[in-house]
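I have placed the structure first, in the form of structure tokens, so that the comments after it can refer back to it.
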Amino acid sequence: MEIDEAIRGCEDRRLQTKYNNATSVIQRALALYPVEEVAFSFNGGKDSTVLLHLLRAGYFLHKAGNNSAAANGDVKDFPIRIIYFESPSAFPEINSFTYDTAATYGLQIDTICLDFKSGLETLLKDKPIRAIFLGVRMGDPTAVGQEQFSPSSPGWPPFMRVNPILDWSYRDVWAFLLTCKVKYCSLYDQGYTSIGSIYDTVPNSLLSIINSSNKFKPAYLLSDGRLERAGRVKRKSSAGGQLTADSNGLDVHKNSTLTASIIAVGDEILFGIVEDQLGPYLCRKLGSIGWSVLQCSVVHNNIDSVAEEVERQKSKTDMVFIYGGVGPLHSDVTLAGIAKAFDVRLAPDEEFEEYLRHIIGDQCIGDRNEMAQLPEGITELLHHDKLAVPLMKCQNVIILNATNVSEMEKQWDCLVELTKSSDLLILLEPFISKHMTTNLSDVEVAQPLSKLCLEFPDLYIGCYRKARYGSLVISFKGKDQARLELAIKALQNKFQSGAFLDTKKDD
């Protein structure tokens, strides 16, 4: 009852709307299923804590609607069964908070020491559970394709997944917890913003206190909820046996190579109306961080064309960069094509819609909802203070909205800055290029160059002409300066002195 009073007494209209919608979902579930046949999967995290108190309030409202005594506040029990999947890799603070919470509110808790699927199979054999409340929010990896009521996936035990906070944002979660003044896991006061296991979770570096190497502000002070998962990083054991976080996505294997593909969406390019300058710019920038571009392609402003190309490239390369076709027009189909490539739907994103409302005010009212529809469950908004509109990342596809080189330059710089505080991209040693020119004919250099490629398989060696009857340019590209110099010397030794008229270097 105190939860209901706290929300109704606050001035946050958005939070009140979210609360009303969530408790309506809960009351509907309790009307459909006997309380003995429902359960709540609690994991001690902030989302689960929100849902616990929403369930308490929703159960109170459900009983109040059917019982005059309950309407006067005489609801003292909470009979919904709690399922807790205890893991050896869980933080001790999560375990302590879970059991303390159960004791505080008199919860019936079933502790399961198996994985989620196996544990459910075991539980459902003994308990007549038909519906399970889950603290899933849009953007979670498991949220793809889910609605507020979604049957379990094929191959899983049959039950109804009930997701009352599916449309809640990071901001909504903390607004609820702070407004209701309920306890949450102490890790959130230590800078953790999204808690997984002890092996993949560290405090969010965006909350680090200046001039302090090991102190962080609490999670509710994170200004941009889109960066909630910035503390989810790969961890590795150091020589001393302690677990340390990887350095913000900077790979230790600097001389390795990652691959990228670039997709331009635009009939204007294919019709010859405009010349694409963004693709070559991205190629140069990707080379400057040690990535190798395997393919650049241009596709029509057509959902199927975009979907087919994204589907091909996302499985071939480590990252796909796509630009063009983003906006409110009927011909702007990039987001819809990406959604189709990943087999998800386009769904309204309330946080992004609120962001757009802040930018455009009451203009473009008819198009606002369409502009805020993003590929469901896989879209991460890449917000930077220098960008008027955030970029987007859908798994290994990064969506850029630049229309010229100047805009692309700003967006690229922001991507690199964001990489330093997250695992967005991996920064590798840049490629080094050297070019030599010669007046020798193609026939004279063909065989020696072929042999040179076999001698230096770690380098890219190619040739081209700027004009059909101009000098031949031999291009060397790699990450090892000494290897480049050795290859050039080997080529020069195959010909008479002075055969190569000029050597120049560009990075």
Side-chain angles (χ1 to χ4, degrees), residues 15 41-54 82 84-105 107 109 111 135-137 139-141 165 168-238 240-250 351 380 383 418-424:
L15 180 59
S41 178
F42 185 70
N43 64 14
K46 63 184 185 303
D47 299 342
S48 275
T49 303
V50 166
L51 185 50
L52 168 64
H53 295 291
L54 285 172
I82 308 297
Y84 178 53
F85 291 85
E86 187 173 289
S87 167
S89 62
F91 283 87
E93 293 88 344
I94 286 287
N95 286 329
S96 298
F97 173 74
T98 297
Y99 292 116
D100 289 347
T101 301
T104 299
Y105 297 104
L107 307 178
I109 187 166
T111 301
V136 173
R137 288 193 292 120
D140 293 343
I165 63 171
W168 284 43
S169 68
Y170 184 85
R171 184 204 118 182
D172 297 329
V173 166
W174 281 109
F176 179 90
L177 293 173
L178 297 177
T179 298
C180 295
K181 298 179 181 179
V182 295
K183 289 185 177 181
Y184 50 82
C185 180
S186 62
L187 290 173
Y188 293 111
D189 284 333
Q190 301 171 33
Y192 291 83
T193 53
S194 177
I195 300 174
S197 78
I198 59 175
Y199 300 114
D200 66 5
T201 310
V202 296
N204 194 322
S205 61
L206 298 171
L207 292 173
S208 61
I209 297 176
I210 297 175
N211 298 326
S212 176
S213 60
N214 199 32
K215 291 185 178 180
F216 297 83
K217 292 177 284 188
Y220 56 79
L221 292 181
L222 182 67
S223 59
D224 190 347
R226 303 174 187 91
L227 301 175
E228 168 187 1
R229 297 179 69 85
R232 292 294 191 95
V233 296
K234 294 180 180 179
R235 308 183 91 188
K236 58 186 179 181
S237 294
S238 65
Q242 298 295 318
L243 289 173
T244 58
D246 283 346
S247 55
N248 295 324
L250 303 182
E351 192 167 1
E380 176 185 356
H383 177 70
L418 290 172
T419 290
K420 296 176 182 178
S421 60
S422 69
D423 57 354
L424 179 60

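Every heavy atom of this structure was used, including side-chain atoms; hydrogens, water molecules and symmetry mates were not. Numbers for residues simply follow the sequence, beginning at 1.
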Handout entry: Under 3.5 Å: donor-acceptor pair, side chain of N95, backbone of P92
Key = no
Practice task
Report yes or no: does D100 contribute a side-chain atom to a donor-acceptor pair with the main-chain N or O of F97 at less than 3.5 Å?
Solution key: no
Please name the pair of heavy atoms, one in [X] and one in [Y], separated by the smallest distance, quoted to 0.1 Å.
X: G44; Y: C185; answer: O-CB, 3.8 Å
X: L177; Y: T49; answer: CD2-CG2, 3.9 Å
X: Y199; Y: S89; answer: CE1-CB, 3.5 Å

Practice task
Would you list the pairs meeting side chain to side chain donor-acceptor pair (under 3.5 Å) in which at least one residue belongs to residues 179-188, sequence neighbours left out?
Solution key: Y184-D189
Handout entry: Residues E228, K46: salt bridge by 4.0 Å N-O rule
Key = yes
Nearest 0.5 Å, please: how far is [atom2] in [Y] from [atom1] in [X]?
X: N43; Y: S41; atom1: CG; atom2: OG; result: 6.5 Å
X: L206; Y: S208; atom1: CG; atom2: OG; result: 7.5 Å
X: I109; Y: L107; atom1: CD1; atom2: CG; result: 7.0 Å
X: N204; Y: F216; atom1: CG; atom2: CZ; result: 8.5 Å
X: L187; Y: T193; atom1: CG; atom2: OG1; result: 11.0 Å
X: Q190; Y: N214; atom1: CD; atom2: CG; result: 9.5 Å

Practice task
State whether a side-chain donor-acceptor pair under 3.5 Å links Y99 with T111.
Solution key: yes
Handout entry: Candidate pair Y84 and I94, rule side chain to side chain contact (heavy atoms under 4.5 Å, CB included), full reasoning
Key = CA-CA 11 Å; Y84 178 53; I94 286 287; 3.7 Å; yes
Handout entry: Test item: R137 and W168 side chains (from C-beta on) under 4.5 Å apart, heavy atoms
Key = yes
Handout entry: Side chain proximity check, H53 to Y105, heavy atoms < 4.5 angstrom
Key = yes
Practice task
Measure up the F91 and Y192 rings against each other and bin them: parallel (under 30°), tilted (30 to 60°), perpendicular (over 60°).
Solution key: perpendicular
Problem - Step-by-step side chain to side chain contact (heavy atoms under 4.5 Å, CB included) determination, F42 to L52 - result: CA-CA 8 Å; F42 185 70; L52 168 64; 4.3 Å; yes
Exercise for the section: Evaluate the side chain to side chain contact (heavy atoms under 4.5 Å, CB included) criterion for residues L51 and S48: first the C-alpha distance (whole Å), next the side-chain angles of each, then the deciding distance (0.1 Å), finally the verdict. Expected result: CA-CA 5 Å; L51 185 50; S48 275; 5.6 Å; no
Exercise for the section: For side chain to side chain contact (heavy atoms under 4.5 Å, CB included), just list the numbers for V173 and Y220, CA-CA rounded to whole Å, side-chain angles, deciding distance to a tenth of an Å, and then say yes or no. Expected result: CA-CA 9 Å; V173 166; Y220 56 79; over 6 Å; no
